[in-house]
Every structure is written in C-alpha cells, then in structure tokens.
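Here the structure comes first, spelled out in structure tokens, and everything after it is commentary.
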Amino acid sequence: MTNSNGKVLRSEAWFGPRDLEGFLHRSGLKNQGWDEDSFSGKPVIGIANSWSEATHCNAHLRMVAEHVKRGVIAAGGFPLEFPTISLGEFFLAPTSMLYRNLMAMDVEEMIRGLPIDGVVLLSNCDKTTPAMLMGAASADLPAIIVTGGPQLKGNWRGEELGSCTDCRRYWSELRAGTITQAEYDSMEEAIYRSPGHCMVMGTASTMSVICEALGMTLPGGAAIPGADSRRRVFAERAGATAVDLVRRNMRPSEILTEEAFENAALSLLALGGSTNAIIHLTAIAGRAGVDLPLARWEELSERVPVIANLKPSGKFLMEDFFYAGGAPAFFKKILHLLNRDCTNVNGQTLAENVAHADCHNDDVILYPAHALYPDGGISILHGSLAPDGAVIKRSAASPKLLQHTGRAIVFSSPADLSRRIDDPDLDITEDDVLVMQSAGPIGGPGMPEAGFMPLPRKILEQGVRDMVRISDARMSGTAFGTVVLHVSPESAIGGPLALVRDGDMISLDANSGRLDLLVDDAELERRRSELQSRDMTNGYIDRGYMHVYNRHVMQAQHGCDFDFAVGRTPVATHVEMEGAH
C-alpha cells in the first residue's frame, strides 16, 4: 500500500517483511482472529480510545469505536484499537488537569510506537480532548478526532437542567436553606440521564466546537448528543475519513495553522465558552508551533460578539444547539470574522463546509446584530495583582460587579476555604472580595477547578448569589459568577497573589482589563521578604510523574504544558524513512 506520494506506508515495515520480525507481527494479529487478507497491504488506522468506567463522559466510547472500525474497514483500511489514559474530573484526585500532560505524552508515544499509518482519537471529557490533540499535533501523523457528544437535557420537576450549571445553582439554594436535602438528592438521576459530556457550554462542549473550528473533526459532529444514532453514523464516517487522510498523506500540521487557531479562538469567544479552553488551546497551539499569547486574546475579544445562547451564559443547552444547526450554523453566522479558507480533515475549506448550513432556531444561535453580549464572553486582565495575566468570563458574571473595589477576605488554600467559608464568625459582607491562594499549576497541584468558590452561608441566607472571587485556580466551564481565574504568576511561586492579606483593597475593572492590589510597593516588598520558601512538592512524594511535573510545568499563560514537550517531531509515514521495525 502506498500513499499519494507513492511511498510504502510505515505499517508495511511491521507486516510486510517475510522474515522473523514480520512473522511475529503477523502472528500477533492472526492470534486475535484476523486473516492476513484483512490487514495485508492496507492502511492501518489506530483508534486511540479513552474509554473508561472511571470517566463517565467517555463510558460509551467502546460503542463509538465499533462504528469507527466499520468506517475504516469499509474504506479499505484495517483498524487497530488501543487504550489511552482517561481523565475525568469526577473521580480523579486531586484534579484531572494534573494529568492532562501525561495523557498527551501517552497519546503521542503510542502514535509513534505502534504500527499505524493514521489515527482516530476518541475523546469526550474535557481534558481528554486537548490531551489527544496535543499528542497528535506533536506526533503529526494523519489524525482525526471524534468526541462522544453531549448528554441529553436533564429534566427535574418540569424544569430543563444542564449539568453541572444547575446542580451548582441548586447547591447554593440548598446551602441557603431554600430547598431540602431530599429535593436536592432527587435531582441526581434527573440531570445526568444519558451518555455524554456536560450539556451546557462547559469545557467539554467548548473543546468539541473548537475541534470543528480547527478542522480536526468532520463538520457537524461537535453537538450530536451522545445518545443519538447520528453520533454512531458520524463515527463511521470519521473512520473512512482516516483512511482517506492516509491516502492523501494529510497531517495535522497542514490543518493546525495560525489561521485555524485564530478561528478556534474567535469561536471560543463567540460561544461564551469555557475559560479552561484558553489554557488548552494555548497548549495545543504550542505543540503545533503556533504562538497564541494572551495579548492576542485581548485583541480578538474586542471584535467578536457572544451569539450562542447557551448555559451558563444564556438559557439553552447543547441538545438545542444541535437541533438549531450545530457548529456549522454557528460558524456561518460569524463567517465574516473567520478565516474562510482553512482546511478541514475532509479536504474542504471552512467556507465550503458551511455554505449550505442553516440555522433552525435564531433564539439559540443568534445573529451578531442581536448578540447575547456585544463583545467576547471572556476578558483578559492585567495589573499589579496579575502581572502575567488573569481571565474572567464576563458573559457568566454579574454586570454590576465587573467594576468593583472591595476588601480582600483571604484563604490560604482550597482546604482553608472549605474549613472556614461557613464559619458564622467570618467577618465578611457581600461587597468584599474572596481571595484564594495556592491553587495554581504547582500550588494546587495541577490547577484544580476550585475557582468557583462557594459563597459563605451567611451571605447566601441574605439572598446574595454572587460576589467577586479571585484565585490562581481554574473553574469548571459549567460554573458561573464574577470569578477571576488563572492569576499569574501563581501564589506558590511567589506571585503577587501570595502577598494579599485580609483587609487589603482590590480593584477589578473588567471593562478596562485591570486587576490591581491597592497596597503600596513598600508594604508589598516587606511582605515579600517574609515569604518562606515553598514546598514545591505539594505534599506529594517527589518521585515519578510528580518529580517531572513540579520541575517542568509552565504557567497558565503558556497553557500549563511541560516546557520540554512544546513543538512537534513528526512521525515518518513511509518505510524508507522509518526503516525496518
């Protein structure tokens, strides 16, 4: 089998030679019941599957993989499924973000090491998608990604619910005493009721649309619900496309261009998408050799409106988004802002792929002239408290708090916040600013989704549902409120956040992109001199993965990737370069 350049494919180095090595490799497939005619001379398509029962968003990917295999075989290829690490936020401690880079390394090295000519990446939960794209970008073998789709809408007592925006909203009501524990418990089976990822515009949904904006998945696939039969049909088409990618010798490097990343960033902003996706997209860009600094986000956010009326910024859910026309209809309404000539894995341009797209519900996907918000849903902040940047999701914040000055109430860590937030003696008012330290990439460790700090019970009981909150943590894309995140440099490495004390005045002006600690320089220098050296191991035994992580993870503005992992080293795609295996 040869590709479009007439070169013998790399899988032939494993399965072609009539020697001892070839004997062993062919035997390894025959042992599994495959006849030699099934794989001999055909493109071998790896199926990197992040299925796991410990990642409920990905628990249906075994079924999705079977449909990918159908497409591969029908197109004349041979499928070779293999597992990867799977990362889910629900069950993995201390946070799945800690292991995103490990999964990216796993994916990259399996692509490099296995006898495959191309790969289909199966992901869904929010960290699995960027990890797979990072690994595939670095290996640069023909690749396509298939996400598992969102869950169906929840329904509780006649109210449509979105996970976990509404479970967070009702958790506040439980703590405020407006609903009972039994009522809250009854929601558990009503909100999570089908396969798939969270069905609001959280990180998983944002990353799925970003895959489509980048051109790394087939058009129309981002929003198909995980329980919908069209998700399986889509997977089959993706399997066939993977074979075609190998025949065309089209690598991710031809798709993941600077213009494609600009499209992805603009899409994220127009979605009112997850702040986490800024970190992930920056890391993927770094693997592709594209610089995506915070300054670029600032520039883009000023010229793109939020047109996706989806929770937590709006009112609808991903199932509604799909019925309204999905990502193609969304892209078509902002096509004047996008780079129209970027290439998709199907070989067509973005403009060609959306030419016949229709929007079937203009209340879900708005026209820019009737945008949910006139400018990007996410703003970048700088100032004395965040010299290297911070982010705020304006579209999910309280407008009256976007310009606010208040007294700092400081918690030294997520654990400290958990211990003291409901202390009836806590000296706090609704005008104060909650500040949490030691939750960044190193301090967390892993930058947990702890930035959505709960309001004190005494404040909730007063009817207040939002306050300004500031940390070096992340927050779930399903969360909401006036929450400043990703403060950099983080407190664990001596950033200004580490110098904040109870009673300090902090000024937030999201409209002008400012976040400032209103304490004079002399006092800050005095505090800095008192900072003791930090335990960079975060209580973990300093060996194995944590040894690597603590020494090589970069800060949020660089995507929290490892410094040594940035960039790509393409895998050879044919025997002459690869040599005998």
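Residues take their numbers from the sequence shown, with the count starting at 1.
Looking only at side-chain heavy atoms (C-beta outward), Ile255 and Leu214 stay at 4.5 Å or farther from each other. At least one side-chain heavy atom of Lys393 sits less than 4.5 Å from a side-chain heavy atom of Pro312. Considering only heavy atoms from C-beta on, His197 comes within 4.5 Å of Ser205 through its side chain. The side-chain heavy atoms of Leu310 and Leu372, taken from C-beta on, include no pair separated by under 4.5 Å. Counting heavy atoms from C-beta on, the side chains of Glu89 and Glu449 come closer than 4.5 Å. Within the 4.5 Å cutoff, the side chain of Phe234 has heavy atoms near those of the Thr217 side chain.
Between Phe39 and the choices Trp14, Trp34, Phe15, the ring-ring contact (aromatic ring centres under 6.0 Å, His included) rule is met once, by Phe15.
Side chains of Glu188 and Tyr192: a donor-acceptor N/O pair is absent below 3.5 angstrom, by distance only. Side-chain contact annotation: Ser86 with Thr55, donor-acceptor N/O pair under 3.5 Å present. Side-chain atoms of Arg168 and Ser476 include a donor-acceptor pair closer than 3.5 Å. Remark: the Asn346 side chain and the Asn353 side chain contain an N/O donor-acceptor pair separated by less than 3.5 Å.
Using a 4.0 Å cut-off between a side-chain N of Lys or Arg and a carboxylate O of Asp or Glu, Glu236 and Arg232 do not qualify as a salt bridge.
Contacts of Phe82 classified as side-chain contact (heavy atoms from CB on, under 4.5 Å), with partners at least two apart in sequence or in another chain: Ala48, Thr84, Met110, Leu114, Ile116, Val119. Annotation: side-chain contact (heavy atoms from CB on, under 4.5 Å) contacts of Ser379 (sequence neighbours excluded): Ile392, Arg394.
The CG atom of Leu317 sits 11.0 Å away from atom SG of Cys198, with the distance rounded to the nearest 0.5 Å.
Between His56 and Phe90, the ring-plane angle classifies as tilted under the 30° and 60° cut-offs. Note on ring orientation: taking the six-membered ring where Trp is involved, the planes of Phe562 and Phe564 are parallel (angle under 30°, cut-offs 30° and 60°).
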